[in-house]
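Contents: one structure, followed by commentary.
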Amino acid sequence: MPFDLPPEQTGPAAWYGPEMAKRSDWLMPLSAIEIGEIEAATRALVERGADIAAIKPQDFPLPTLAPKLTARVGDEVLNGRGFILLRGLPVERWTMREAAMAYFGLGAHLGSARSQNGNGHVLGHVQDLGLASNDPNVRIYQTHERQTFHTDSCDIVGLLCLKTAKSGGLSALVSSTTIFNEMRRERPDLLKLLFQPVATDRRGEVPEGQKPYFQIPTFSWHRGFLTAIYQRQYIDSAQRFAEAPRLSPAHIEALDMFDALTNDPRLHMFMAFEPGDVQLVHNHTILHDRTSFVDWPEPERKRHLLRLWLAAAHARPLPDVFAQRYGSVTIGDRGGIIVRGTKLQAPLEAV
């Protein structure tokens, strides 16, 4: 049956990088009152020795900030341009436990935290662990390498900056909606191929009963929503499995064009984090990247971000094929990585 491409996409999700970088409406500075609410809620939980991974919204009262933040995330992240940046968390005066508690408590108002690896880490540590991505069981955030534009397995990706690198390590964002529009205008024949399932390597984190790779199209059109899922290195490394469907020359050409567009300076934007920044990104309409970096030699100064994967209560519907990666497509209870023996936890250091 012939496949008809969805129409060209309009609206705030279809943006171009240089113009977006000049705007400031995606920046949300936190007020003294809002920071005070965060610190009061954090102190209360630290004093009673609360389990970070078990924090619920009612455990972390934010009477002023919570309604403002949830409204902006709904309007701007889930249904708008696809990202915002909170600025001003006083991480320099917090212990690691306080920073983790505060960040997880904030995230609890935006969604359910999902496991980011087979160890059940619902709070991730993005640091260079001295590893290399040519190991098929290493994920790129554990290195100092450039990540390349990709998506994660959740509705909202959150990053809290604790410390920056000596140089590099810029955050980069690009609209997958804009990439769709560009390909639709220039090469609709190649774009159609990206609506076909493609094998993507699970990098050794295989849920029980599943293959070592999943097969989801790069683009999906479902109930009026255009959704993207993508990690080129893992698509390429899935070809190591003999049973994985082979990439045709035409499909490789389509993926190469997708990559070229993510790297087109007309489309993407860069963002320099400051300690205390929280970036919230809509995983279904934005691809994110990080430039390579040179770190400080002193362990206490090394680049360090905390990450959350969140399942949002008011997220878009996803097609059933996403259950291969997300475990479920139930809104508010989907995403993350669960394998045999996974126990949810929020470690205070990278392990």
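Start at 1 with the first residue, then count along the sequence. Predicted model, so just to flag it, every value in this text is computed and none were measured. For the numbers below, each heavy atom of this structure counts, side chains included, while hydrogens, waters and symmetry mates do not.
Distance check, rounded to the nearest 0.5 Å: CD1 of Ile235 to CD1 of Ile229 gives 9.0 Å. A distance of 5.5 Å separates CZ in Phe219 from CG in Leu226, rounded to the nearest 0.5 Å. How far CG of Leu85 is from CH2 of Trp26: 6.0 Å, rounded to the nearest 0.5 Å. Once rounded to the nearest 0.5 Å, the distance linking CD of Glu274 with CG of Leu89 reads 12.0 Å. In this structure, CG in Asn79 is found 10.5 Å from NE2 in His314, a value given to the nearest 0.5 Å. Interatomic distance, CG of Leu106 versus CG of Leu65, reported as 6.0 Å (0.5 Å rounding).
Here the side chains of Met28 and Lys68 are in contact, with some heavy-atom distance below 4.5 Å. Between Asp155 and His284, some side-chain heavy-atom pair lies under the 4.5 Å cut-off. Side-chain contact between Leu280 and Phe83 is absent, with no heavy atoms from C-beta onward closer than 4.5 Å. Between Leu193 and Gln196 the shortest side-chain heavy-atom distance falls below 4.5 Å. Counting heavy atoms from C-beta on, the side chains of Leu191 and Phe180 come closer than 4.5 Å. Looking only at side-chain heavy atoms (C-beta outward), Phe225 and Pro317 come within less than 4.5 Å of each other. Counting heavy atoms from C-beta outward, Met20 and Pro12 have side chains that stay 4.5 Å or more apart. Arg246 has its side chain within reach of Gln239: a pair of non-hydrogen atoms, C-beta onward, lies under 4.5 Å apart.
Minimum heavy-atom separation, Leu267 to Trp15: O-CZ3, 3.7 Å. A pairwise comparison of heavy atoms in Glu39 and Pro90 identifies OE2-CG, 3.7 Å as the closest pair. When every heavy atom of Leu305 is checked against every heavy atom of Cys161, the shortest pair comes out as CG-CA, 4.0 Å. Nearest heavy atom pair, residue Arg203 against residue Tyr234, reads NE-CE2, 3.4 Å. Listed here is the closest heavy atom pair of Leu306 and His304: CD2-NE2, 3.9 Å. Residues Ser112 and Gly332 come closest through the heavy atom pair CB-O, 3.8 Å.
Remark: the backbone N or O of Pro6 is paired with a side-chain donor or acceptor of Arg184 at under 3.5 angstrom. With hydrogens and angles disregarded, no donor-acceptor distance shorter than 3.5 Å links the side chain of Asn283 to the backbone of Thr151. With hydrogens and angles ignored, the 3.5 Å screen pairs a side-chain donor or acceptor of Glu205 with a backbone N or O of Gly118. Under a 3.5 Å cut-off, the side chain of Glu98 and the backbone N or O of Thr95 do form a donor-acceptor pair. Between the side chain of Gln215 and the backbone N or O of Pro197 there is no donor-acceptor pair closer than 3.5 Å. Between the side chain of Asn117 and the backbone N or O of Gly120 there is at least one donor-acceptor pair closer than 3.5 Å. At least one donor-acceptor pair closer than 3.5 Å links the side chain of Ser328 to the backbone N or O of Thr330. Proximity of a side-chain donor or acceptor of Asn263 to a complementary backbone N or O of Asp259 within less than 3.5 Å is detected. Ser175 contributes a side-chain N or O that, together with a main-chain N or O of Ala13, makes up a donor-acceptor pair within less than 3.5 Å. Side-chain N or O atoms of Glu76 include none that pairs as donor or acceptor with a backbone N or O of Gly74 at under 3.5 Å.
Of the N and O atoms on the side chains of Gln233 and Thr148, at least one donor lies less than 3.5 Å from an acceptor on the other residue. With no hydrogens or angles considered, a side-chain donor-acceptor pair links Gln116 and Arg307 at under 3.5 Å. With hydrogens and angles left out, the side-chain atoms of Gln279 and Ser171 include a donor and acceptor closer than 3.5 Å. Between Asp152 and His288, the side chains place a donor N or O and an acceptor N or O closer than 3.5 Å (distance only, hydrogens not considered). Side chain to side chain, Arg340 and Thr342 fail the donor-acceptor criterion of an N or O pair below 3.5 Å. Thr64 and Glu37 form a side-chain donor-acceptor contact under 3.5 Å, judged by distance and modelled atom types alone.
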List the steps and the verdict of side-chain contact (heavy atoms from CB on, under 4.5 Å) for Asp333 and Arg114. CA-CA 9 Å; Asp333 187 22; Arg114 316 309 287 179; 3.0 Å; yes
Please report the C-alpha distance between Glu182 and Arg185 in whole Å, then the side-chain angles of each, then the deciding distance to 0.1 Å, and finally whether the salt bridge (charged side-chain N to carboxylate O under 4.0 Å, His left out) criterion is met. CA-CA 5 Å; Glu182 292 286 312; Arg185 295 176 197 132; 2.9 Å; yes
Any chance you could lay out the side-chain contact (heavy atoms from CB on, under 4.5 Å) test for Leu261 and Val174, step after step, and finish with the verdict? CA-CA 9 Å; Leu261 288 169; Val174 67; over 6 Å; no
Can you list the steps and then say if Arg187 with Glu253 is a salt bridge (charged side-chain N to carboxylate O under 4.0 Å, His left out)? CA-CA 11 Å; Arg187 290 296 303 272; Glu253 185 180 2; 3.3 Å; yes
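Enclosure of atom CZ in Arg316 by more than 12 non-hydrogen atoms of other residues, nucleotides or ligands within 6.0 angstrom is indicated. Within 6.0 Å of CG on Asp25 lie more than 12 heavy atoms contributed by other residues, nucleotides or ligands. Sparse packing is recorded around CD of Glu349, with 12 or fewer heavy atoms of other residues, nucleotides or ligands lying under 6.0 Å away. Around the CZ atom of Arg48, the shell of radius 6.0 Å holds more than 12 heavy atoms that belong to other residues, nucleotides or ligands.
Remark: Asp75 does not engage Arg81 in a salt bridge, criterion side-chain N to carboxylate O under 4.0 Å.
The hydrophobic clustering, which links ILVMFWY residues whose side-chain heavy atoms are closer than 4.5 Å, places Tyr213 and Ile216 apart. In this structure, Leu190 is a member of the same hydrophobic cluster as Trp221, with clusters built from ILVMFWY side-chain heavy atoms closer than 4.5 Å.
The only member of Leu27, Leu170, Leu173 that meets side-chain contact (heavy atoms from CB on, under 4.5 Å) when paired with Met271 is Leu173. If you run salt bridge (charged side-chain N to carboxylate O under 4.0 Å, His left out) between Asp201 and each of Arg232, Lys211, Arg240, Arg325, only Arg240 comes through. For the side-chain contact (heavy atoms from CB on, under 4.5 Å) criterion with Thr285, the lone passing option out of Thr177, Thr227, Thr178 is Thr177.
Ring-centre distance between Phe149 and Tyr230: not below the 6.0 Å cut-off.
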